[in-house]
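I have placed the structure first, in the form of structure tokens, so that the comments after it can refer back to it.
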Amino acid sequence: MQQTLSRRSTWFDGWDFSGPNVMALLAGAVMLFAFFFLPWFGDNVSNNGARIMVDILYEAPGALRTEALIWLIPVVAVATFAATLWGAMAPEQARIASPLASLLGLTTLLYFVPALGRAGAHPLLTPGAGFWTAFVCAIAMVLQFVLAMPAVAERGGAPRKGVRRGRLPQWLTPYLFIALPLILYAIWILGPTVYTMYLSLTNWDGVSTPQFIGLANYERLFTRDRNFVESLVNNLRWLIVFILIPTSMGLGLALLFNNEMWGGRFYKVSFYAPLVLSLPVIGLIWAWLYNPRLGLINSLLSMMGVTNLPGWLGSRELAIWCVIAAAVWRQVGYVMVLYLAGLKNVDPSYIDAARVDGAGRLALFRHVVMPLLAPVTTIVIVISIIDSLRAFDLVSIMTRGGQGTQVLANFMYMEAFNNYRMGYGAAIAVVLFAISMVFIAFYLSRAIRDELEY
Amino acid sequence: MATQSIKTQPISRPAPTSVSRAWKRFLTFLFYVVLTAATLIWLTPVLAAVVTSLRTMDDITINGFWSWPREIVFSNFERAWTTARVSKYLLNSFIITIPALIGMLFLSSLSAFALARYRFRGNLFIYFIYVAGTMLPFQILLLPVFRLTNALGLYDSYGALILIHTTFQLGFCTFVLRNFMRTVPGEIMDAARVDGCSEFRIYWQIMLPLTLPALAALATLQFTWVFNDYLWAIVLLRSDVLRPVTAGLATLRGQFNTDWPVITSGALLATIPTLIVFVFLQRYFIQGLTLGSGK
């Protein structure tokens with residue numbers, strides 16, 4: 001008894017199955033990483049595999065000419081990933097996944113063989129770190145199959161002796177799991193947030209070293225910049241419209257479609273379909289509708305005999321509302337979906353009970369349905385606010401911030417990347433962040449409360 | 001008042017007379033007419049784009065938008081696909097989206113597993129950092145990330161976009177997966193542990209398969225999010241050959257200034273991948289949307 005237990009709990013036992021899997025996965029991941037991030041030839045990172053592939057594909061002038069087979073690398077890496085994941089999810093498939101991965105590795109070597117031959121011949125094409133890394137990974141993929149065989153064969157055999165009981169200390173486990181994601185998150189998200197605050201106190205122009213200038217950026221922003229006021233007002237308009245219209249329309253539609261009805265699915269899908277369109281697509285389509293001479297709206301108006309046609313995106317008074325209308329069009333479906341999900345969770349017995357008690361439709365809605373939907377409403381409002389503060393794509397595509405449609409996000413982008421006033425842009429970003437933070441804090445405080453109750 | 005009294009006695013309601021039945025049928029009919037009209041109006045922008053893309057600009061200019069099309073042409077799609085290079089932009093979008101998806105799902109499932117299943121110092125704190133991060137405005141990250149990618153030599157490469165998408169979406173994915181993993185009963189894991197299963201294997205072979213529904217929903221949702229990103233594409237890329245389709249469309253507009261049929265065809269072509277995802281994985285898409293708000 002004791003014997004079997006101790007054998008079972010050896011560290012390597014858990015890896016018998018997934019050992020080759022993990023190896024293939026790692027090889028795939030590293031290969032993909034090398035392809036995207038490491039220099040394929042020489043030591044200049046801009047010569048990474050992805051870049052070379054694109055240059056070959058698009059026949060860019062001055063491209064490094066290597067084997068066009070280079071597309072094998074990402075395809076194989078992703079395929080290995082998929083095959084291995086499949087093998088790991090259903091352990092009985094591991095026997096198929098493992099040779100599949102090795103076969104893929106073998107295919108990749110096809111790329112390296114001629115590339116290696118040519119690389120030596122050309123002085124410019126000295127294989128770089130990425131090339132070698134991917135090469136090693138391809139070999140590892142082939143090798144893992146060989147390694148997997150004895151492991152699989154050994155499983156039924158006698159218990160292994162002298163295997164280290166390499167269990168890590170228990171307290172370390174969660175930190176090991178969380179380390180890599182958290183480090184990446186700290187470098188790319190948390191660090192930059194703080195760094196922007198520092199940049200907002202400098203006069204950085206994107207090229208020279210940032211120089212500390214105190215609060216000068218903020219002073220200019222709050223006292224002398226009319227664009228800032230305009231952006232702030234527009235964001236406020238956006239926010240108010242976003243809280244009022246999509247929320248009420250979405251709720252109304254959700255209540256309507258929550259009932260079984262003929263063709264309900266079709267209507268539902270139609271209303272949330274705009275959600276799949278990307279914002280640039282929506283911006284382009286709506287810009288075409290608003291076209292002052294030929295667009296759908298104005299041609300309809302002129303057919304109806306209107307002579308004084310509005311300029312829509314060209315008019316300073318209307319433009320911002322036109323942009324917001326396009327945004328609302330997309331948001332309504334989102335809110336509807338959230339409310340529909342919320343309504344699905346409402347216990348029908350509450351409603352039946354209220355009905356039996358003689359509640360009318362309005363009373364039912366006000367005193368039963370709405371309170372039950374309160375958590376969804378909070379989420380919807382928080383999402384609406386955050387989305388309205390993030391508003392960028394539509395303004396950038398439809399008007400580029402002209403015609404009085406400037407919003408904070410686009411204002412920041414233009415100051416930083418068109419006018420190269422990066423320090424000033426950072427100050428705008430910090431203001432935007434501060435406004436968002438109010439709502440984030442509100443949401444967080446609720447989340448924390450829920451969590452502590454849990 | 002009258003409706004109330006009816007509502008109170010739903011069972012003993014008198015049989016409807018033929019007049020009221022006819023009236024009711026008429027009302028139902030009217031309701032569907034209004035609803036269909038509203039739906040059509042709602043979809044007008046999309047329908048207008050489809051109609052425009054099938055006509056020539058000359059036709060629209062001469063005969064007006066509301067005239068009956070003189071002929072149906074597909075050349076606009078052809079021009080958008082080849083001349084305007086939408087095909088290449090779409091390929092770029094995939095090259096960026098797929099690694100980012102794999103990266104964010106793998107990394108976030110790791111951290112979600114730790115946050116959901118272990119008690120340790122800073123657990124809740126880290127969780128709330130992730131939650132707060134999901135709502136950050138992108139602008140606060142723009143400049144430092146721009147600088148960082150430059151410093152790493154990744155500016156103007158796919159890698160820059162893959163990294164920022166992976167890391168930014170880590171917050172949301174971790175949040176969703178963590179809450180999902182908490183609903184998995186702990187007995188399964190304890191049983192596995194008693195049997196001597198390593199912690200990593202518990203994550204890999206027990207937790208991940210059980211989390212598959214949430215992963216599928218997240219993958220679908222994140223696919224559309226990353227695919228539809230525009231801001232990072234214009235900030236971190238300079239070369240036209242690397243642009244994903246969203247940024248490519250903006251170029252398209254400059255290139256085909258007033259040729260709206262080509263522009264709308266490009267926009268429609270750009271929507272195809274997300275449309276396919278939407279049509280075939282709609283259930284997951286909706287689940288993904290509501291997962292985040294379920295808490």
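A note on names: the letters A, B, ... follow the listed sequences, proteins ahead of strands, and every chain is numbered from 1.
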Side chain to side chain contact (heavy atoms under 4.5 Å, CB included) between B:Arg85 and B:Asp240, intermediate numbers included: CA-CA 10 Å; B:Arg85 307 207 288 185; B:Asp240 188 58; 2.2 Å; yes
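Per-residue counts of heavy-atom pairs under 4.5 Å with chain A were compared for B:Gly103, B:Ala267, B:Pro137; the largest is that of B:Pro137. Contact count against chain B (heavy-atom pairs under 4.5 Å) is highest for A:Leu296 among A:Ile397, A:Leu296, A:Leu277, A:Leu256. Each of B:Phe146, B:Tyr130, B:Phe138, B:Phe113 has some count of heavy-atom pairs under 4.5 Å with chain A, and the biggest count is that of B:Tyr130. Heavy-atom pairs under 4.5 Å with chain B were tallied for A:Leu408, A:Ile386, A:Val380, A:Val194; the largest tally goes to A:Ile386. The candidate with the highest count of non-hydrogen atom pairs below 4.5 Å against chain A, out of B:Arg121, B:Met104, B:Arg119, is B:Arg121. Annotation: maximal heavy-atom pairing with chain B below 4.5 Å, among A:Val382, A:Val78, A:Val332, A:Leu32, occurs at A:Val332. With chain B as partner, the option from A:Phe433, A:Tyr195, A:Phe271, A:Tyr334 having the largest number of non-hydrogen pairs under 4.5 angstrom is A:Phe271. Contact count versus chain A (heavy atoms, under 4.5 Å) is highest, among B:Thr246, B:Thr149, B:Leu136, B:Thr166, for B:Leu136. Chain B forms the most heavy-atom pairs under 4.5 Å with one residue out of A:Trp286, A:Tyr175, A:Phe439, and that residue is A:Tyr175. In terms of heavy-atom pairs under 4.5 angstrom with chain A, the leader among B:Thr39, B:Thr274, B:Thr28 is B:Thr39. Per-residue heavy-atom pair counts under 4.5 Å with chain B were compared for A:Gly342, A:Ala441, A:Ala287, A:Gly425, and the maximum is reached by A:Ala287. Between chain A and the options B:Leu142, B:Thr224, B:Ile164, heavy-atom pairs under 4.5 Å are most frequent for B:Leu142.
Atom CZ in B:Phe125 sits 10.0 Å away from atom CD1 in A:Ile448 (nearest 0.5 Å). In this structure, CG in A:Leu184 is found 11.0 Å from CG in A:Leu190, a value given to the nearest 0.5 Å. Atoms OG and OH, on A:Ser436 and A:Tyr443 in that order, are 15.0 Å from each other to the nearest 0.5 Å. We find the CG-CG distance between A:Leu289 and A:Leu294 to be 12.5 Å, quoted to the nearest 0.5 Å. Here the CG-CH2 distance, from B:Leu43 to A:Trp329, works out to 7.0 Å after rounding to the nearest 0.5 Å.
With a 4.5 Å cut-off on non-hydrogen atoms, B:Phe31 touches chain A through its side chain but not through its backbone. Using a 4.5 Å cut-off between heavy atoms, A:Leu300 contacts chain B through both its backbone and its side chain. Of the atoms belonging to A:Ala77, not a single heavy atom falls under 4.5 Å from chain B. With a 4.5 angstrom heavy-atom cutoff, B:Ile126 touches chain A only via side-chain atoms. With a 4.5 angstrom heavy-atom cutoff, B:Ile162 touches chain A only via side-chain atoms. Both the backbone and the side chain of A:Met422 come within contact range of chain B, each with at least one heavy atom under 4.5 Å from a heavy atom of that chain. Proximity to chain A involves both the backbone and the side chain of B:Ile234, based on heavy atoms less than 4.5 angstrom apart. Interface residue B:Asp156: backbone and side-chain heavy atoms are both found under 4.5 Å from chain A. Interface residue A:Pro274: only side-chain heavy atoms are found under 4.5 Å from chain B. Using a 4.5 Å cut-off between heavy atoms, A:Trp204 touches chain B through its side chain atoms alone. Heavy atoms closer than 4.5 Å to chain A are found in both the backbone and the side chain of B:Leu35. For chain B, no part of A:Met437 is nearby; none of its heavy atoms comes within less than 4.5 Å. In this structure, the portions of B:Trp42 lying under 4.5 Å from any heavy atom of chain A include both its backbone and its side chain. Both the backbone and the side chain of B:Leu249 come within contact range of chain A, each with at least one heavy atom under 4.5 Å from a heavy atom of that chain. Contact annotation for B:Ser157: only side-chain heavy atoms (C-beta onward) come within less than 4.5 Å of a heavy atom of chain A.
Using a distance-only test at 3.5 Å, with no hydrogens or angles considered, no donor-acceptor pair links the side chain of B:Asn228 to the main chain of A:Leu279. B:Gln139 places no side-chain N or O within 3.5 Å of a backbone atom of A:Ala429 that could act as its donor or acceptor partner. For the pair A:Ser396 (side chain) and A:Phe392 (backbone), a donor-acceptor distance under 3.5 Å is absent.
Taking the six-membered ring where the residue is Trp, A:Tyr272 and B:Phe278 present perpendicular rings, their angle passing 60° and hence far from 30°. Between A:Phe36 and B:Tyr158, the ring planes lie perpendicular to each other; the angle is over 60°, past the 30° to 60° tilted range.
Considering all non-hydrogen atoms of both residues, B:Ser108 and B:Thr174 come closest at CB-OG1, 3.5 Å.
Contact check for B:Leu143 versus A:Phe417: side-chain heavy atoms found under the 4.5 Å cut-off. B:Leu208 is listed as a side-chain neighbour of B:Leu215, based on a closest heavy-atom distance under 4.5 Å.
Inspection of the B:Thr264 and A:Trp288 side chains reveals no N or O donor paired with an N or O acceptor under 3.5 Å.
Aromatic ring centres of B:Phe200 and B:Tyr203: separated by under 6.0 Å.
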